[in-house]
Structure formats: C-alpha cells, structure tokens
> 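Sharing a structure below in structure tokens format, with a few things to ask.
Letters A, B, ... mirror the listed sequences (proteins, then strands); counts begin at 1.
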Protein chains: 2
Amino acid sequence: MNPFDFFDTVYMVNAEAKQALQEIIREKVYSKNEIVQEIGSRCRTIYFVKSGGARIFYYKDGNDITEHFAFENDIIVRAESLFTGNPTSKGIQAIDETVMMVIDSEKLFQLYDKHHDLERLFRLIFEKEYVNTLKRMESFQFKSAKERYLELLDTTDFIQKIPLKYIASYLGITQVSLSRIRAVID
Amino acid sequence: MNPFDFFDTVYMVNAEAKQALQEIIREKVYSKNEIVQEIGSRCRTIYFVKSGGARIFYYKDGNDITEHFAFENDIIVRAESLFTGNPTSKGIQAIDETVMMVIDSEKLFQLYDKHHDLERLFRLIFEKEYVNTLKRMESFQFKSAKERYLELLDTTDFIQKIPLKYIASYLGITQVSLSRIRAVID
DNA sequence: TTGATTTTTTATCATTTGTTAATTTTTTTG
DNA sequence: CAAAAAAATTAACAAATGATAAAAAATCAA
C-alpha cells in the first residue's frame, strides 16, 4: 500500500500538509537481516513498511530479544527514543527483503507548527500504537505462553515469515519452551 | 500540585488555550474504594490525580486484576477506550481518599481545532504515558516476578498505600506468590 | 550439490509460579 | 472494645517454564 492511502484511513490532511509531507518522505530498500537502525542510536526516523517486515530488538544478558514486529502497512519507530530524544538500547532489523517509506522525524516535527493537520495525523497514528501496546501488555499480565502464542497465530498475518527464535523472545519465553508448546498444539 | 503547574512542565500553552482549558476542568473528590469509572463504560474523561491514588482494573475469570496505578501528579485514562471510542471492560477505582481534576475529553478534543497548543500539550502527555507503558511491557517480557517487584518498590513512591492484593495482580502473579517473594526479600 | 552453519526439536532435570487450604494478622464495623 | 470480615502469610503439592545438552531438520554458501 502507498503510505498516503494508509494515512488517509487514519486522518485526511489538507492538500498543503500532504504536499509538505510528501517532500520529506522517501523510499528505501533493506535486504534480509540488514540493520535499519543501530542499537544505541537515537530514533529520528519514522518508518512505514511498504512490503516485507522488520523487528525491534535488543540484547538482555547476551540474548537477542525481539520486542516488536512490523509488517506491510505498519508504522515502526523506537518510541522510547523518538518521544524523549534519548538514545535507546534497541535497534531495528529487516527480517526480510523490505521496502520502507522513511520520514525524518525532526523535519516532520518542524512541520507540526505550520501544518496542524500533520500533528493530528501522527498523533492519531501513535495513539493507535499505544492502544496496541496496552493490549499486548495485557496479554503478558495474565495469559500463559500458550495463550499468547495462539493469540499471535490468530492476529498476525505474515507469521510464517518470522523465524521461531524471534517469536519465542517476542512471547517472553525461550525457544525450547516455544517448541514444546508447538508440539502440544500440532 | 495544581494541574496547570504539571501541564507547564510538559508544554507551555498560550494564555487563550490555558483559559479555555481552565473552563472545562473541575475538581472532584472520591472516597476510598469509590468507583470513579464503571467497567463497561466509554472513557470520556481525563483525570489528573491531585492527591490520593487510583487504579485501573478489570475482571479475568472472576479475578480482580489491577492493570495500572496512578498517584499524585499522574494522569489517568482508559486509553483503549479514549482513543477508539469503544467501551472498555476496565474500570477506575480510588484506592484512597482521592482528589481528582476532571477534564471532559469530548470538550477537550473540540478545543483542539481552535487551540493547537492544547492538542500539542495532550499529545506530549500521552506520548509520555506510551513510553511508560512500553517500559512496563519490557519488564513483563523478560524479568522474573521478583525483579518486577523490586523494580516497583524502587520506582513507586506511595507503594505503601497499595494493598498487596492489588500489587500482586499488577505484577502478573498471585497474591500467594507475592507473599513468597516478600518473605525471601525481607 | 555438498558440507557447514543455523534453526528447531527433544529429553532431562531444576526453578519458578500456580492452586488449594489452613492459619495468622490487620482492618472494619457495630 | 469486640466480633466479624478482609487481607496476608504459610505449607504442600501441581503445573509451567527455564537451562543445558544432544539430535534432527532446514538453510546457506562454496
């Protein structure tokens, strides 16, 4: 999907705002496993996944943890950095050949003063992300690993694109534990 | 703290915006354990806790689960409803004698068109909430119950105000399990 | 294609957390 | 204050998940 078609589903901005946004958005292609944003950097970029997929990841005690997945028509940012300006211990990696639409967040935020519509559009986009995060947290709070896995299968198209090792840490369990759960289900 | 002193720490709005906000904010006092917002309702209110404390809660399999706490100078909303318009299975309850500053969200959202500053102020407020939620989710993903409890002790003033049964479900564990953890620590 | 590497599965045992029930402690109410 | 109710702790056993190691399967690269 074209990002502007997606944006229109969230909020219709006026023509000038759209034009201004068009001027700061560009396409970039990442190869499979390519690092999109390095761990330790500041998040100054908003990505829209046009095709393919990516993950947010970090290391905890030497283990690679996947915190988030994004696929076609998803927005992906490292919010804890984008919204604070602080560097983050998380990175972004393409998990497939991936086409991204890339927005420089500093340029975007500058446009907010002149184009109220853009501030609103992205406010609404990130409110949705916030609600998704709340839902995910809820499933961590009182659902078993098996329930969380079934939920993921149910809600995530593109699940077959994701290596199981990424899925395990995304669910907050070990790879061994995920294998066990899958063995019972199948 | 006066809510406007808090708002000023987030973003300084112009005088007209402040005036408009002042007109839709009012104080309300809740007694201990009083239900502030019923389960099943729509969230059309933004609360600022002036003193006391409150929790967001819901029932899962007949058990009372605390999803969120808010104390002095915190904002509290049921975001999954406020940002979607959908009713929510969560409620808000005062956990102490609590003074709230209450904002009608529909009136506030109407002010956004005229007062860009107010949209920005609340955007920034909720971005902070989003970042807090991300941090909390991260601690669910790969920390043990004991680590989560110690983290809560460390980061939450007012912890002594909260009954342990609320803390247990907030941490995603049973009351019995929390007792065990506390026994080891003390 | 084939050997090397990476990913996934299986098995075993340890640890954490859950469940149930009984007891103690604290809080509330008449 | 005393009785009742609610909250917190303890104990015993069950279930879920972790850790480690080895084997099998899938993927990658020369």
Side-chain angles (χ1 to χ4, degrees), chain A residues 30-35 52-53 55 57 59-66 69 93-97 137-153 158-186, chain B residues 30-35 52-53 55 57 59-66 69 93-98 138-153 158-186:
Chain A
Y30 295 90
S31 54
K32 185 173 180 174
N33 296 330
E34 187 176 350
I35 298 298
R55 67 184 188 115
F57 71 105
Y59 292 98
K60 159 146 180 146
D61 307 331
N63 298 311
D64 178 316
I65 312 287
T66 296
F69 292 118
Q93 183 181 28
I95 59 183
D96 212 336
E97 172 94 9
M137 203 196 59
E138 194 182 326
S139 85
F140 268 118
Q141 205 178 347
F142 268 103
K143 284 183 181 161
S144 67
K146 187 176 169 181
E147 285 176 296
R148 296 199 299 278
Y149 178 61
L150 291 173
E151 195 176 58
L152 185 70
L153 284 182
F158 312 111
I159 185 94
Q160 69 291 343
K161 277 189 189 175
I162 316 172
L164 289 171
K165 60 174 179 167
Y166 293 164
I167 292 178
S169 68
Y170 179 81
L171 294 173
I173 57 177
T174 61
Q175 218 177 314
V176 173
S177 197
L178 178 58
S179 266
R180 223 170 357 209
I181 287 166
R182 285 161 52 82
V184 177
I185 289 167
D186 304 330
Chain B
Y30 294 90
S31 53
K32 184 170 180 175
N33 296 329
E34 187 176 350
I35 297 298
R55 68 185 187 113
F57 71 104
Y59 291 98
K60 159 144 180 148
D61 306 332
N63 298 311
D64 177 315
I65 312 286
T66 295
F69 291 119
Q93 183 181 29
I95 59 183
D96 213 335
E97 172 92 12
T98 299
E138 195 182 325
S139 85
F140 269 119
Q141 205 179 348
F142 267 105
K143 285 183 181 160
S144 67
K146 187 176 169 180
E147 286 176 296
R148 296 200 299 278
Y149 177 62
L150 291 173
E151 193 175 60
L152 185 69
L153 284 184
F158 312 111
I159 184 97
Q160 67 292 341
K161 276 190 189 174
I162 316 172
L164 291 170
K165 60 174 179 170
Y166 293 165
I167 293 178
S169 68
Y170 180 81
L171 295 172
I173 59 179
T174 60
Q175 218 176 316
V176 174
S177 198
L178 178 57
S179 266
R180 224 169 358 209
I181 288 167
R182 283 162 52 84
V184 178
I185 289 168
D186 304 331

> Go through the steps to decide whether Gln93(A) and Glu34(A) satisfy the test side-chain contact (heavy atoms from CB on, under 4.5 Å), and finish with yes or no.
CA-CA 6 Å; Gln93(A) 183 181 28; Glu34(A) 187 176 350; over 6 Å; no
> Encode nucleotides 14-24 of chain C as B, S and - characters from 5' to 3', where the letter depends on protein heavy atoms closer than 4.0 Å: B to the base, S only to sugar-phosphate, - to neither.
---BBBB----
> Gln141(B): what forms a side-chain contact (heavy atoms from CB on, under 4.5 Å) with it, not counting sequence neighbours?
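By the side-chain contact (heavy atoms from CB on, under 4.5 Å) rule, Gln141(B) matches Tyr58(A), Ile65(A), Glu67(A), Arg136(A), Phe140(A).
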> Would you mind telling me which of dT8(C), dT9(D), dC28(D) lies closest to the side-chain atoms of Leu164(A)?
dT8(C)
> Between Lys161(B) (NZ) and dT27(C) (C1'), how many Å, whole number?
18 Å
> Before accepting this row, confirm whether a basic side-chain N of the pair Arg55(B)/Asp96(B) lies closer than 4.0 Å to the acidic partner's carboxylate O.
no
> For the helix from dT1(C)-dA30(D) to dG30(C)-dC1(D), how many degrees between its two end axes (five pairs per end), to the nearest 10°?
50°
> Can you name the salt bridge (Lys or Arg N to Asp or Glu O under 4.0 Å) partners of Lys32(B), sequence neighbours left out?
none
> What do the steps show when you test Leu152(B) against Ile159(B) for side-chain contact (heavy atoms from CB on, under 4.5 Å), and what is the final call?
CA-CA 8 Å; Leu152(B) 185 69; Ile159(B) 184 97; 3.6 Å; yes
> Between Ser169(A) and Thr66(A), which heavy-atom pair has the shortest distance, and what is it?
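Nearest heavy atoms, Ser169(A) then Thr66(A): OG-N, 2.8 Å.
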> Could you tell me the separation between the CZ atom of Arg182(B) and the C1' atom of dT25(C), rounded to a whole number of Å?
12 Å
> Output the rounded distance in Å from CD (Gln160(A)) to C1' (dA26(D)).
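Spelled out: CD on Gln160(A) to C1' on dA26(D) is 17 Å.
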> Check salt bridge (Lys or Arg N to Asp or Glu O under 4.0 Å) between Glu97(B) and all other residues, then give those that pass, not counting sequence neighbours.
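Residues passing salt bridge (Lys or Arg N to Asp or Glu O under 4.0 Å) with Glu97(B): none at all.
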> Figure out the CG/P separation between Asp64(B) and dA7(D), and round it to whole Å.
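So the CG-P distance, Asp64(B) to dA7(D), works out to 10 Å.
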> Which residues pass the side-chain contact (heavy atoms from CB on, under 4.5 Å) test with Lys165(B), sequence neighbours left out?
Pro163(B), Gln175(B)
